[in-house]
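Heads up, the thing below is written out as C-alpha cells.
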Amino acid sequence: MQDITLTVNAGDSLAITGPSGSGKSTLLSLLAGLDVPTRGEVLLADTPFSSGSEDQRARLRGEHCGFVFQHFQLVADLTAQENVMLPLEILGRDKARDTARHWLGQVGLGKRCHHFPAQLSGGEQQRVALARAFAVAPSLLFADEPTGSLDYANGEHVADLLFSLNREQGTALVLVTHDQTLARRCSRAMSLVEGRLGV
Ligand SMILES: Nc1ncnc2c1ncn2[C@@H]1O[C@H](COP(=O)(O)OP(=O)(O)OP(=O)(O)O)[C@@H](O)[C@H]1O
Ligand SMILES: [Mg+2]
C-alpha cells in the first residue's frame with residue numbers, strides 16, 4: 001500500500017475495484033482499523049484511529065462501522081440469529097433479537113434463523129454477514145465483495161438494501177467489488193493496482 005490519500009464523507013458511496021492480490025482487502029482492513037499501517041494514519045470521525053490502542057480502535061469501530069468480510073467470519077457455534085445479535089449485545093442495544101430477525105428477514109433468511117453457519121450455503125452465509133453489518137445501523141459500512149457468493153437476484157436485492165441505507169440513513173458505503181452493476185451504482189469508483197489507488 002503506497003501513497004494512499006482517501007477521504008470518505010458521510011453519505012458517500014465508493015467502489016474499490018482492482019485485480020486479485022492488489023491489496024483491496026488489506027486497504028479495507030486498514031480503513032476499518034482491523035489492521036494498522038506501518039506508516040501513515042487513518043482518522044475516523046476526526047479522531048486518530050489507527051494509532052490508538054486495540055481497545056480504542058474496537059470501541060470506535062463498534063460505534064461507527066459495519067464490516068462484511070470477504071470470507072464472512074461468522075462464529076461457527078452460533079446460529080444465524082445469534083451471529084447477528086452478537087454485535088448488538090456487545091453494543092448494549094435494546095431488542096437485539098427483534099432487530100436480528102428483522103434483518104435476517106430483509107436478506108431473505110427469515111426461515112434460516114436457527115441454522116448454524118455450517119448448515120448454510122455460501123450465499124446464505126454471506127447474507128447473514130450482511131444482516132449482521134446492517135443490524136448495527138453503522139454510519140460507515142465496509143463490505144468486501146458483498147455479492148461475490150450471490151446469484152443475480154439476491155445480488156440485486158442486497159445492492160438495493162445497501163443503497164437504501166445509504167439514501168435513507170446516510171450510511172457511507174465503501175465496497176470492494178468485481179460486480180460492475182454494483183460498482184456503477186456508487187457515486188465514486190477507484191481502482192487499486194499493486195497497492196496504488198487511482199481513479
Ligand atoms: N496476512 C498477510 N500476511 C502477508 N501478506 C498478506 C497477508 N494478507 C494478504 N497478503 C498479501 O497482500 C497482498 C494483497 O492481498 P489482499 O488480500 O489485500 O488482496 P485483494 O486485492 O483483496 O485480492 P482478492 O481480489 O483476491 O481478494 C497479496 O499479495 C497477499 O498475498
Ligand atoms: Mg480480497
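Just so you know, ligand 1 is whichever comes first in the structure, and atom 1 is the first atom listed for that ligand.
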In sequence, state the C-alpha distance, the side-chain angles, and the governing distance for Arg93 and Val136, and then conclude on side chain to side chain contact (heavy atoms under 4.5 Å, CB included). CA-CA 9 Å; Arg93 300 274 178 90; Val136 299; 4.3 Å; yes
Using side chain to side chain contact (heavy atoms under 4.5 Å, CB included), reason through Met190 and Leu6 one step at a time and then give a plain yes or no. CA-CA 10 Å; Met190 303 186 99; Leu6 172 65; 3.6 Å; yes
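Residues meeting the salt bridge (charged side-chain N to carboxylate O under 4.0 Å, His left out) test with Arg196, sequence neighbours left out: Asp3. In this structure, the side-chain contact (heavy atoms from CB on, under 4.5 Å) partners of Glu124, at least two apart in sequence or on a different chain, are Leu109, Arg112, Leu120, Ser121, Arg127.
Under the 3.5 Å distance criterion, with hydrogens and angles disregarded, a donor-acceptor pair is assigned to the side chains of Glu41 and Ser51.
Once rounded to the nearest 0.5 Å, the distance linking CH2 of Trp103 with CZ of Arg101 reads 16.0 Å. With rounding to the nearest 0.5 Å, the separation of CG in Leu27 from CG in Leu192 is 6.0 Å.
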Pick out the protein N or O atoms lying less than 3.5 Å from any N or O of ligand 1, and list each pair with its distance.
residue  : atom   : partner : partner atom : Å
ligand 1 : 18 (O) : Ser25   : N            : 3.4
ligand 1 : 18 (O) : Thr26   : N            : 2.9
ligand 1 : 18 (O) : Thr26   : OG1          : 2.5
ligand 1 : 19 (O) : Gly23   : N            : 3.4
ligand 1 : 21 (O) : Ser22   : N            : 3.2
ligand 1 : 21 (O) : Gly23   : N            : 3.0
ligand 1 : 21 (O) : Lys24   : N            : 2.9
ligand 1 : 21 (O) : Lys24   : NZ           : 2.8
ligand 1 : 22 (O) : Ser25   : N            : 2.9
ligand 1 : 22 (O) : Ser25   : OG           : 2.8
ligand 1 : 23 (O) : Gly21   : N            : 2.8
ligand 1 : 25 (O) : Lys24   : NZ           : 2.7
ligand 1 : 26 (O) : Ser20   : OG           : 2.6
ligand 1 : 27 (O) : Gln70   : OE1          : 3.1
ligand 1 : 27 (O) : Gln70   : NE2          : 2.9

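Excluding waters, the set of protein N, O or S atoms lying under 2.8 Å from the Mg ion (ligand 2) comprises Ser25 OG, Gln70 OE1.
Panel note: side chain Asp179, backbone Leu182; a donor-acceptor pair is recorded below 3.5 Å. Checked by atom type and distance alone, the side chain of Ser191 never pairs as donor or acceptor with a backbone atom of Gly18 at under 3.5 Å.
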